[in-house]
Amino acid sequence: MNQARKALGERHREIFTLWGEFRNFFKERRFLLWHRQSVVKRMRFICYASGIVNLVALVNDYRELSLTMPFFCMLASRISLSGLGFVLGSLIEEKNFFSWFSKAFLGYMLLFGVSEGLELYWKGISLTEEHSPFILIIVLTYYLFCPPRVPFALVAGVGASLIYLFVVTIAKSLPLPIVPIFVLYFGFINAVGCATLIFFSRIQRKEFFLLQEQQRTNRALAREIERREKTEASLREMAFRDGLTGLFNYRYFFERFQNLWSRSVQPVGFLMMDLDYFKRVNDTLGHPAGDAVLVACARRFEKILPPGGVLGRLGGEEFGVVLTECSHAFLRETAEKFRRSVEESPVETSWGNLEITLSLGAAIGISKGEDSPEKLFQRADSALLEAKRKGRNRACFYPSGQEETSLSLRENAIP
């Protein structure tokens, strides 16, 4: 534990300067940019509040001085200083905080030291140890409310203290015997204020440092989660998608078929489709050409798939389609659309334009009866075999096996 604390302390010494700021210029700049919104609000409040307090103090000045020359001197001093505070408060913005405002505010705080010293002179007050608590509050205020950079606060605090001591010494408001005491007193106050500000500056920057580290960790974690989600989605996709065509594979297609069947109260239609003489394409042009035909046909099937329908590749050159809320007329119309989508335009491949035809077997059933997805599948398969026996490039329907359209067989469509 002690070694860990020692290592942490050495790390912080490497990170921070003597003033409690980041040694890295860009990190310090990011901290100031991150912190400046709250600092600007605080500075604006200080400017307005100090200006108002300075004006309210005129009431006490009038009670002590009446309408005398010292009172009018105090009036001019306080109005000028309050006016400067109001102007600074109205002009401060985030964009000018790092340019001229910090220097202007430093001058404003130094003028307060002059004003407080002149107040003792014009009122003829002799500074004694009784004023120590009041002086302590004023000087510490410089460190508590100055911009969050120790050098500025130190210059303001020490500078105002020296100006104050000089003015009251010249004005003989401070007895000479106790001048060294007040010099030490002001020095002690400034040392305490500076040390306190350095301590809080480091705490603020440590919080910022930890926040940055946490944000980086969160971003890395978010990227890792996103990567894993994409990987899981890809794996899920691979689990129910055919790797070549991107359609549902046989296992997932049949699961969807069973789910639709169990939920449907209307007739369900099933189409089993087979590309005619597909083996000739593989044997003549090779399997890459056959794969290109399968992909092209799959894209055509997707375009004409009715809403609510399920399309999948059952294996090889066979495809399946499930249609919900299906009538016999709709089943025939849909089957004909699929058949024409293949027949009416050749499939464009790198091996040339290939004329392909499609045979279909169709069946329809109702989930409340004795039918089942397996029986519907067998009926559509039987109808598909009937379409092939009758010459291919046609659709046959169970139970009659009668073809919907009788078209001539293009036996030599593919060499």
Side-chain angles (χ1 to χ4, degrees), residues 242 244-245 247-248 250 253 257 269-306 309-323 326 328-349 351-365 375-415:
D242 173 59
L244 177 64
T245 63
L247 302 179
F248 292 138
Y250 176 83
F253 173 81
F257 187 3
F270 180 70
L271 294 175
M272 182 174 285
M273 307 183 296
D274 186 271
L275 297 178
D276 297 328
Y277 300 109
F278 181 75
K279 189 174 183 299
R280 292 183 182 180
V281 179
N282 285 334
D283 293 343
T284 306
L285 302 177
H287 288 280
D291 292 345
V293 171
L294 290 173
V295 172
C297 291
R299 300 291 83 79
R300 294 184 185 185
F301 296 158
E302 286 178 325
K303 291 181 179 179
I304 60 176
L305 180 68
V310 180
L311 171 65
R313 183 187 177 192
L314 305 183
E317 67 274 20
E318 290 186 342
F319 299 85
V321 177
V322 178
L323 303 171
C326 183
H328 287 82
F330 181 70
L331 185 62
R332 288 183 170 82
E333 179 185 353
T334 304
E336 182 63 12
K337 286 182 180 179
F338 278 108
R339 189 194 65 78
R340 288 201 308 267
S341 71
V342 177
E343 181 201 34
E344 290 180 350
S345 59
V347 176
E348 297 180 2
T349 69
W351 297 266
N353 296 337
L354 305 180
E355 293 184 354
I356 307 294
T357 57
L358 183 70
S359 296
L360 301 95
I364 193 168
K375 290 183 179 180
L376 210 60
F377 190 95
Q378 293 173 359
R379 293 168 183 173
D381 189 44
S382 298
L384 176 62
L385 293 176
E386 184 72 15
K388 290 182 178 181
R389 284 195 295 267
K390 291 191 175 183
R392 292 181 169 82
N393 193 23
R394 67 196 67 224
C396 285
F397 300 84
Y398 187 90
S400 65
Q402 182 180 1
E403 55 194 286
E404 174 69 16
T405 56
S406 180
L407 301 173
S408 60
L409 174 65
R410 300 183 180 184
E411 294 181 352
N412 300 318
I414 300 175

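Position 1 is the first residue of the sequence, and the numbers go up from there.
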Asks: Closest heavy-atom contact between Val347 and Ala296?
Replies: CG1-CB, 3.5 Å
Asks: Answer yes or no: are there more than 12 heavy-atom neighbours, outside Glu302 itself, under 6.0 Å from its atom CD?
Replies: yes
Asks: Could you walk me through whether Lys337 and Glu333 pass the salt bridge (charged side-chain N to carboxylate O under 4.0 Å, His left out) check?
Replies: CA-CA 6 Å; Lys337 286 182 180 179; Glu333 179 185 353; 3.7 Å; yes
Asks: Might you point out which heavy atoms bring Leu323 and Pro306 nearest each other, and give the distance in Å?
Replies: CD2-CG, 3.8 Å
Asks: Regarding Ser359 and Asp276, is there a side-chain donor-to-acceptor distance under 3.5 Å anywhere?
Replies: yes
Asks: Within 45° of the six-membered ring axis of Phe270 and under 6.0 Å from that ring's centre, is NZ or CZ of Arg379 located there?
Replies: no
Asks: How close do Ala363 and Leu331 get, counting heavy atoms only, and between which atoms?
Replies: O-CD2, 3.7 Å
Asks: I want to check something: taking the side chain as every heavy atom from C-beta on, are Phe397 and His328 in contact at a cut-off of under 4.5 Å?
Replies: no
Asks: Could you report the tightest heavy-atom contact between Ala395 and Ala335, atom names first, then the distance?
Replies: CB-CB, 4.2 Å
Asks: Calculate, to the nearest 0.5 Å, the distance between atoms CG and CZ belonging to Leu358 and Arg392 respectively.
Replies: 11.5 Å
Asks: Using 0.5 Å steps for rounding, measure from the CD1 atom of Ile304 to the CD atom of Glu336.
Replies: 10.0 Å
Asks: Rounded to the nearest 0.5 Å, what's the gap from OG on Ser341 to CG on Leu305? Could you check?
Replies: 11.0 Å
Asks: Measure the shortest side-chain to side-chain distance between Arg313 and Leu244 over non-hydrogen atoms and say whether it is less than 4.5 angstrom.
Replies: yes
Asks: Rounded to the nearest 0.5 Å, what separates atom CG in Leu311 from atom CZ in Phe253?
Replies: 7.5 Å
Asks: Show the nearest heavy-atom pair for residues Ala362 and Leu271, with the distance to one decimal.
Replies: CB-CD2, 3.4 Å
Asks: Among Met273, Glu343, Arg300, whose side-chain contact (heavy atoms from CB on, under 4.5 Å) with Phe338 holds?
Replies: Met273
Asks: Give me the atom names and distance for the closest heavy-atom approach of Phe319 to Ala298.
Replies: CE2-CB, 4.5 Å
Asks: Taking atom CZ of Arg299 and atom OG1 of Thr245, what is their separation to the nearest 0.5 Å?
Replies: 6.5 Å
Asks: Hey, does Tyr398 have a side-chain heavy atom less than 4.5 Å from the side chain of Leu376?
Replies: no
Asks: Would you say the side chain of Phe377 lies within less than 4.5 Å of the side chain of Leu314, judging by non-hydrogen atoms?
Replies: yes
Asks: Give a yes or no answer on whether the side chain of Arg339 reaches the backbone of Val342 with a donor-acceptor pair at less than 3.5 Å.
Replies: no
Asks: With a 4.5 Å cut-off on side-chain heavy atoms, are Thr349 and Leu285 touching?
Replies: no
Asks: For the residue pair Leu360 and Val321, establish whether any side-chain heavy-atom pair is separated by less than 4.5 Å.
Replies: no
Asks: To the closest 0.5 Å, what do you measure between CZ (Arg332) and CD1 (Ile364)?
Replies: 9.0 Å
